[in-house]
Every structure is written in C-alpha cells, then in structure tokens.
Colleague: 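One structure, as structure tokens, below. Some questions next.
In listed order, ligands and their atoms are each counted from 1. Predicted model only: the values in this text are computed from it and were never measured. Counting begins at 1 with the first residue of the sequence. Below, all heavy atoms of this structure are taken into account, side chains as well, without hydrogens, waters or symmetry copies.
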Amino acid sequence: MKLSEKVQAYLDAINRSKLNAFVSINKNAENDAEKIQRKINSGKAGRLAGYVFSIKDNIAVSGMRLTCASKMLENYVSPYDATVVKRIIAEDGLIIGKTNMDEFACGASGETSYFGPTLNPHDEKRVPGGSSAGSAASVAAGLCDVSLGSDTGGSIRCPSSFCGVFGLKPTYGSVSRYGLVDMAMSLDQIGPITKNVSDAALVLSVINGSDKMDNTVVKRQEDYTKFTRKNIKGMKIGVVEEFFDGCDHNVEKAVRDGIEALKGKGAEIVNASVPKTSIAVPTYYLNMFAEFSSAMQKFDGLKYGFRKNGSDLNDTVAESRSALGEEVKRRILLGTYITMKEFRSKWYSTALKAREAIKHEMLAALKKCDLLTGPTMPFTAFKLGEKIKDPIEMYLSDMLTVSANLSGLPAASIPLNVKGLPVGMQLHANAGEEGKILAAAAAYERATK
Ligand code: GLN
C-alpha cells in the first residue's frame, strides 16, 4: 500500500473512532506522506519511512498544539520540535497527531484530561490506563503504527498493560527530554509504545543517544535492533515475589505462565526479592510532588497559555491557575507543602533517602540476575469512574511501576497471550541494558506466536 493510502485509512479510522485518543491531528499529514513516498520511490528514505506515529501531547511538535491535555495550554502551539520528534522526522517517520493524556501526565487512568477521558479499545466502559492513555489506545486500536509516550512513574507501561501493547521506559538519561514538558525532571523518560518488540527496538534506536540540548543524556547513540534476534538461553530472570503481593489472581496466573514461556526459551528462572516495594508508592509520590510543584511554577498566566486578569498581580496568577484541574492542583499544593523550610526534613528529605534505599535494593537484586520480572499492573483495566474519586486508591495502582523510575532503570510491559482483558508482564534491567529486555520480550513473542 502507498503511504498516502495508509495515512488516509488511519485518518478515516481516527475520525470514526469513539475512543477520544487524539487531541490534535496533523493537517499536513497527506503532504508529508507524499514527500516521504517520493523518497521511498527513489530509494533514499530513512529507517522510519512507512511508519505512522502518534505523539503524546506533552512532547513538542513544531506548528502543532502542545496542550498537556490542560485548559492552561489549550491553545498553545509549539514553535519547535522536541529532539525525539526531530530524529523521527529525520528518519522519515510520519506524525499523524497528538494523543490525549492525563492532565500534565498526572494520573494512571487517562481520566484527568481537560478534553475528557480516553476509552479502552478492548472495552469502552473501561479506562485505557495513564497517563499516556491516547498513545496506548491509538496503537491498540489500529489508529497508527507506533507512538511515543512519557513515563515518570509508569505512564508508558500502565496503559500498555491495560491496552495489550508493548511499552518501554528507557534508562534515565538515555533519551533526550528536550521538548518534553517536564512532570518530575529526575524521573521522566520518553519511550516507544508499539504493537511488537522489533518496532520498539527500531524506534528506540532512532531516539536514544546524546543531545546537546539535554546534558543529562551522556551516552552515544546505540542500535538496539540486533537484540530482538538474540537467543536468551541461560539468561537469568529473577521473579520478584513482592511484585505479586496484592495482585489479582488472574494477573498472577497470566504472568506466571509468561515466565514459563521464557523458561521454555531457555531462560533460567530464579527467585528475587525487593522488600521495599511496599514503600515505593509514598516514596514516588513525595519525590514527584516536590519536583512537579516546582516544574508547574512557570504556568502562572504571565508567560504561557491561559490568562485571566485579576485585581493585582497575585490575583491574576491565582485566577489564571484556576484553569488547572483538581489533581494537578492537589499535587502542586502537596509539593509546595513538603518542600517548605519548616517541613522539608520531615517529608522531602526522608523521601529522598527512601528513594536511595529502593534503588539500592533494585540494584542488589539485579546483581544476581539479568532481568527482574513480575506483573506491570496488579490488576487489569478498571471501569471508568471507579477510582477517580479516591486519589489514594489511584496512586496505589502505581505500586509496581514506580521503582524503575526511582532507580533510573529501564523497564517494559509485555502484552501476555491471554483471553479477555489484556495483562502485562514487566521486565526490569540494569541501566543501559534495554537490549536484554528486548531480547526476552522478543523471545516471548516468538514462543506465543
Ligand atoms: N500514575 C503516575 C502518576 O500519576 C505516573 C504518571 C506518569 O508516569 N506520568 O504520577
């Protein structure tokens, strides 16, 4: 099929879709398709020619809106491309649109968007997971080939698990964050959400590597595509028993079957333990609140986006910030509180120490094996409205994903071969060892095909 026909078919499918997965559509998509097609015809096209991308709406694409699914940025148009977007376009990837998400990436369900919730393509009464809700839903529903999401505490892996697609959060500092609206700078990473493992390996190969616009990325660009063909014989995979605590029976069964499939491919399965998983959620939230409240200071109605004039400067800032949603406001207030001089030692400093302790345990467990595994989420996609009224309940869903971010480690969610609602199996590796995750995930894919 010609690229322009494929793009047209996707645009029609997006138009018909009721999932609310997209916030904006690229008006130049058809022109872009023709340009890329000409390159394909002349044999000069890049590695991503033929791929149609959706991009989470907290990643800048020049000339398109960058809303973060917030009223605050509803009409803000980005004047530049994020580094990851630049690299995709340079390899002839086509961007079809920007995807819906939890407002400023705050959520695990896709329900906090100013533009309304995204629906799960497997059951429209259920959430797709968040915060990269539209990214995972758009891939799962066949509205594009691949997507970019961002993951601060699980936002690539959670919706990948709920929507039955592959999602990878790379090692902290391996993919440039230039052009990503930050949520919590020390935790955020951009990564691919795809239908299969080899697409993720290809996209990661294009977007990773040092960038003069982001000094936290130090490593040279690496090609990951070779890993998907690697044999996993003798690879040591640690099953973390604490990752199964409190998880639903059907999820546990599916993941244990997945582990058996890896064993069938020659992996050596061993026991592993990360007891501090029990404090991962409060540790993540306190760290994230502190960084988030600081990152959100720039949205004051004076520099970007929505502005509502008040009686004086303070009043104008307060009025303008009233555009933010409830969950975002809650986090700004809590982050401000825990970093106040009077309370800092009680809350924020303690949270920093807890973060170190979790990282220490994760690294110790990874000293004894190549990968750590367990479920991505403790349950399958829940119903719309089920958890949104109870923030603590919502926060607890992140129990199994946040440790990777707190430790800076790469982790992925692999869609398991199950009947009914999708279940994801999570794999963690040492920093820089995405290759091992991709090898094991590809071996699972082959085993279950
Ligand atoms: N669910 C988590 C939160 O609400 C993770 C968000 C994310 O990774 N962006 O903070």
Colleague: Let's go through L384 and R126 carefully: what are the C-alpha distance in whole Å and the side-chain angles of both, what is the deciding distance for side chain to side chain contact (heavy atoms under 4.5 Å, CB included) to 0.1 Å, and is it a yes or a no?
Modeller: CA-CA 5 Å; L384 286 152; R126 291 177 189 270; 5.9 Å; no
Colleague: Would you mind running through ligand 1 and noting each atom that sits below 4.0 Å from a heavy atom of M183?
Modeller: 9 (N), 10 (O)
Colleague: Looking just at side-chain N and O atoms, do S205 and R87 make a donor-acceptor pair shorter than 3.5 Å?
Modeller: no
Colleague: Distance under 4.0 Å to a non-hydrogen atom of G153: what atoms of ligand 1 satisfy this?
Modeller: 5 (C), 7 (C), 8 (O)
Colleague: Kindly assign one of parallel, tilted or perpendicular to the pair F379 and F382, based on the angle between their ring planes and the thresholds 30° and 60°.
Modeller: perpendicular
Colleague: What about the rings of Y178 and Y80, do their centers lie closer together than 6.0 Å?
Modeller: yes
Colleague: Keeping N100 on the side-chain end and A21 on the backbone end, is there a donor-acceptor pair under 3.5 Å?
Modeller: no
Colleague: May I ask you to check whether F299 and F104 place their ring centres under 6.0 Å from each other?
Modeller: yes
Colleague: Return the orientation label for the F243 and H428 ring planes: parallel under 30°, perpendicular over 60°, tilted otherwise.
Modeller: tilted
Colleague: Among all protein non-hydrogen atoms, which one is nearest to atom 6 (C) of ligand 1, and what is the separation to 0.1 Å?
Modeller: S155 OG, 2.9 Å
Colleague: Show me which atoms of ligand 1 lie under 4.0 Å from any heavy atom of A108.
Modeller: 1 (N)
Colleague: Taking non-hydrogen atoms only, is M288 closer than 4.0 angstrom to ligand 1 via side chain, backbone, both or neither?
Modeller: side chain
Colleague: Within a distance under 4.0 Å of any heavy atom of Y284, pick out the atoms of ligand 1 and give their elements.
Modeller: 2 (C), 3 (C), 5 (C), 6 (C), 10 (O)
Colleague: For ligand 1, which atoms, with element, lie under 4.0 Å from some heavy atom of D398?
Modeller: 1 (N), 2 (C), 3 (C)
Colleague: Please write down residue, atom name and distance for the protein heavy atom closest to atom 3 (C) of ligand 1.
Modeller: Y285 OH, 3.3 Å
Colleague: Should you measure from each heavy atom of R331, which atoms of ligand 1 turn up under 4.0 Å away?
Modeller: 3 (C), 4 (O), 10 (O)
Colleague: Would you say the side chain of S397 lies within less than 4.5 Å of the side chain of M377, judging by non-hydrogen atoms?
Modeller: yes
Colleague: Is there a polar contact, in the sense of an N or O pair closer than 3.5 Å, between G130 and ligand 1?
Modeller: no
Colleague: Would you kindly specify which portion of Y395 sits under 4.0 Å from ligand 1, judged on non-hydrogen atoms: side chain, backbone, both or neither?
Modeller: neither
Colleague: Can you find a heavy atom in the side chain of T67 that is under 4.5 Å from one in the side chain of F115?
Modeller: yes
Colleague: Indicate yes or no: does an N/O atom of A105 lie under 3.5 Å from an N/O atom of ligand 1?
Modeller: yes
Colleague: Which ligand 1 atoms does S131 reach within 4.0 Å, using its non-hydrogen atoms?
Modeller: 9 (N)
